[in-house]
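Numbers restart at 1 for each chain; the letters A, B, ... are given by sequence-line order, proteins then strands.
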There are 2 protein chains.
Amino acid sequence: MILQHGKVSSPTETERCIESLIAVFQKYAGKDGYNYTLSKTEFLSFMNTELAAFTKNQKDPGVLDRMMKRLDTNSDGQLDFSEFLNLIGGQAMACHDSFLKAVPSQKRI
Amino acid sequence: MILQHGKVSSPTETERCIESLIAVFQKYAGKDGYNYTLSKTEFLSFMNTELAAFTKNQKDPGVLDRMMKRLDTNSDGQLDFSEFLNLIGGQAMACHDSFLKAVPSQKRI
């Protein structure tokens with residue numbers, strides 16, 4: 001358990017998620033070339049496997065190309081972990097927003 | 001399964017993480033007041049429970065106060081889901097960086 005030092009205890013759900021995101025990034029980043037970034041091929045592999053439900057729903061065939069370009073903020077043709085986290089954040093925001101639209105409005109205080 | 005429409009299949013690890021992050025945010029955001037943001041009290045509850053290993057390791061008692069201020073980019077005294085994702089991203093980056101320091105250096109191509 002990376003986040004903890006000393007005594008070992010079960011990770012919390014949040015810690016488990018953080019570890020999983022690192023592990024999944026490393027899994028795909030390690031498929032070819034430099035192991036610490038996602039190449040375009042590795043990004044497509046990630047999107048077609050881990051986010052297949054999202055990817056399959058896209059009618060525009062250029063959407064993944066545009067996503068890669070938008071996420072690659074330093075334009076080096078690779079996604080580093082920070083850029084990858086923006087992808088996850090974007091997906092989480094879209095998912096969260098669709099949830100908010102689906103539930104009845106709540107009193108705001 | 002929020003990300004998928006139509007046929008139901010097991011979520012991937014990444015989809016599971018996204019769902020978990022939304023669920024844990026909603027769990028803590030729903031503890032008091034407005035259900036769609038973390039108040040300072042809810043943020044402290046989240047940090048002391050979900051990221052307890054990190055929080056307990058901090059020697060400076062003001063660190064959580066400063067984290068809340070830094071994360072609260074619109075300065076409304078609350079953390080919305082986007083601001084919460086920056087907290088998770090920061091923790092993930094720190095965790096990922098400590099991992100990179102711990103493994104032997106690798107040939108860069």
* Using the six-membered ring wherever Trp is involved, compare the ring planes of B:Phe99 and B:His96 and label them parallel, tilted or perpendicular (cut-offs 30° and 60°). =>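 Parallel.
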In the structure I gave you, are the side-chain heavy atoms of [X] and [Y] within less than 4.5 Å of one another anywhere?
| X | Y | result |
| --- | --- | --- |
| B:Leu51 | A:Glu15 | yes |
| A:Ile88 | B:Cys17 | no |
| B:Met67 | B:Leu87 | yes |

* Asked: Is it true that atom NZ of A:Lys31 has more than 12 heavy atoms of other residues, nucleotides or ligands lying nearer than 6.0 Å?
  ->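 Buried by this count: over 12 neighbours within 6.0 Å.
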* To do: Check each atom of A:Thr37 against the heavy atoms of chain B and say whether the ones under 4.5 Å are side chain, backbone, both or neither.
  => neither
* Asked: Hey, do the aromatic rings of A:Phe84 and A:Phe46 have their centres closer than 6.0 Å?
  ->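 Between A:Phe46 and A:Phe84, which both carry aromatic rings, the centre distance is below 6.0 Å.
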* Give a yes/no verdict on a cation-pi contact between B:Lys40 and B:Phe43, requiring under 6.0 Å between NZ or CZ and the six-membered ring centre and an angle within 45° of the axis. =>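 No cation-pi geometry.
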* Give me the contact list for residues 70-83 of chain B versus chain A, heavy atoms only, anything under 4.5 Å, ordered by residue number. => B:Phe81, B:Ser82
* Asked: chain B: which of A:Val24, A:Thr49, A:Leu85 shares the most heavy-atom pairs with it under 4.5 Å?
  -> A:Leu85
